Amino acid sequence: MITLIDGLSLGSIYALIALGYTMVYGIAKMLNFAHGDVIMVGAYAIMVTLSCSLSPVVAIIVSVVLCTLLGMIIEKLAYRPLRGASPLAVLITAIGVSYFLQGLAQIIFGAESKPVGSSWKLPAIPALNKHGITTAALVTLICGIIIMVVLTLFIKCTKTGSAMLAVSEDRGAATLMGVNVNKIITITFAIGSALAAFAGMFYLLQIPNAEPMLGAMPGITAFTAAVIGGIGSIPGAMVGGILLGVVEKFCLASPLSSYTVAVKFSLLIIILLVKPTGLLGKVSREKV
Amino acid sequence: MAMLEVRDLQVYYGMINAIKGISFDVNEGEIIALIGANGAGKTTVLHTVTGLVTPKTGSITFNGVNLLKIPAHQILSLGMAHVPEGRRIFQRLTVYENLKLGAYIMNDKKQVEKNLDYVYTHFPRLKERKNQVAGTLSGGEQQMLAMGRALMSNPKILLMDEPSMGLSPLLVTEIFSIIQEISKEGTTVLLVEQNAKKALSIADRAYVLETGSIVLEGDAKEMMNNDDIKKAYLGE
């Protein structure tokens with residue numbers, strides 16, 4: 001039970017990150033490999049804000065705003081000039097942005113891992129904690145679910161949301177409907193990066209240290225989750241993320257614990273062998 | 001002045017000169033047919049008019065506005081809607097969601113409801129299937145949806161690309177009679193068709209496009225009796 005809650009909680013962190021990958025892929029048709037590093041920037045933003053002895057609430061706001069802007073800036077400066085370029089050029093650029101952010105963090109903050117500050121923790125809830133359930137896991141799980149529900153409603157019920165679905169399916173046809181594709185792509189990057197900021201916060205609740213490589217492993221795991229769920233599919237990213245989180249925690253609790261990473265990535269291979277489009281991925285059909 | 005004026009349009013795809021300096025007019029209230037064989041450049045002309053393709057030279061003026069200066073996504077708000085070749089409806093969304101996207105630029109909710117009613121009156125089939133996922137519609141229904149979606153923004157002119165493609169003769173007749181109805185209600189139509197016979201039967205005037213150039217233009221009824229046209233396009 002505790003392992004399950006821990007797994008669901010870690011899974012919702014992965015799901016939040018995976019949503020960023022999958023939305024950007026669905027709408028801009030590119031893999032934003034710098035996405036994981038946005039989490040790292042968000043973590044440092046929290047650390048710096050707290051070190052100015054501001055409250056954690058201010059730190060949350062600073063982190064979300066900074067990550068959102070960062071996502072929009074990355075899109076504008078690095079990816080927009082490559083609109084229409086070969087996918088390989090865009091992919092290499094994304095990897096370049098990723099190394100750039102990691103390098104920048106190393107120059108500014110140094111390579112070693114630094115504690116974010118003692119005020120970044122949640123109050124204990126004795127009734128739960130004595131059963132082994134941490135407050136952090138519970139808060140992460142609940143907030144993660146709320147964020148995912150809000151996102152789903154946003155996409156389903158707003159004009160911008162349906163424009164996003166339209167752009168992801170057919171950019172040209174969406175343009176003919178009067179949708180400004182560039183604007184929708186910018187909004188997508190902004191939302192994806194804000195989700196990454198939230199993921200970063202929850203991550204820091206479990207491991208309260210910031211380091212330049214912080215985003216790398218959760219980033220690649222969440223990318224795997226997005227592919228398992230079916231890249232481009234929003235419910236797929238949620239399912240994939242939660243699945244990987246649960247698998248990881250159960251693996252860590254079993255005698256196989258030292259093979260956890262291998263198990264996670266083998267899961268990807270197995271699922272792609274059985275269902276190459278991912279769990280909820282759709283095969284696009286042409287009908288004339 | 002014509003509603004839509006295209007002058008000396010030249011379009012290149014890389015080194016290939018797809019459109020070799022064509023000019024044509026569409027007047028308000030008309031149905032204009034642009035006919036020609038596969039590969040003549042008909043679709044390219046429409047894509048250029050709605051900004052999906054940028055021409056090398058030439059001008060496109062719509063109600064006095066230079067369309068080449070307007071980004072593609074703003075052209076619809078000028079009153080020009082495009083029903084693209086192959087319908088290009090949003091397959092994963094429902095019929096209703098597709099229609100709502102057709103009114104994406106409209107802010108007046110009451111007007112959107114009115115337009116929805118207008119579309120449902122012309123295409124009762126879409127009303128029956130409004131909650132169905134668009135990808136599961138038949139070809140004819142998808143064509144109706146593409147037309148309905150384009151009508152959701154009250155366009156002044158409707159650009160239609162091969163509405164007859166892949167449809168049974170019965171459905172083609174149905175679609176063409178709806179085009180005539182829409183035209184009677186005041187929407188100007190620029191119709192691109194391979195099915196020359198059908199297109200000429202409802203059009204006021206027509207232009208014949210051959211490998212990127214206009215080779216013939218004139219009254220649609222006269223063109224139906226033109227021996228060259230009969231031989232080349234009407235199969236008589």
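Bear in mind that the values here come from a model prediction, so they are computed numbers and not experimental data. Quick note on labels: first sequence line is chain A, next is B, and so on, each numbered from 1. As a basis for the values below, the full set of heavy atoms in this structure was taken, side chains included, without hydrogen atoms, waters or symmetry mates.
Of the atoms belonging to Ala81(B), not a single heavy atom falls under 4.5 Å from chain A. Heavy atoms of Gln74(B) lying under 4.5 Å from chain A are absent altogether. Proximity to chain A is absent for every atom of Leu167(B), based on heavy atoms less than 4.5 angstrom apart.
A salt bridge does not link Arg87(B) to Glu141(B): none of the charged side-chain nitrogens sits closer than 4.0 Å to a carboxylate oxygen.
Remark: Asn66(B) CG is packed, more than 12 non-hydrogen atoms of other residues, nucleotides or ligands lying under 6.0 Å away. For NZ of Lys275(A), the number of neighbouring non-hydrogen atoms (other residues, nucleotides, ligands) closer than 6.0 Å is greater than 12.
Of the listed residues (Leu52(B), Leu101(B), Thr50(B), Leu93(B)), the greatest number of heavy-atom pairs within a distance under 4.5 Å of chain A belongs to Leu101(B).
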Pair Arg92(B)-Glu97(B), salt bridge (charged side-chain N to carboxylate O under 4.0 Å, His left out): steps then yes or no: CA-CA 10 Å; Arg92(B) 284 180 234 144; Glu97(B) 287 165 334; over 6 Å; no
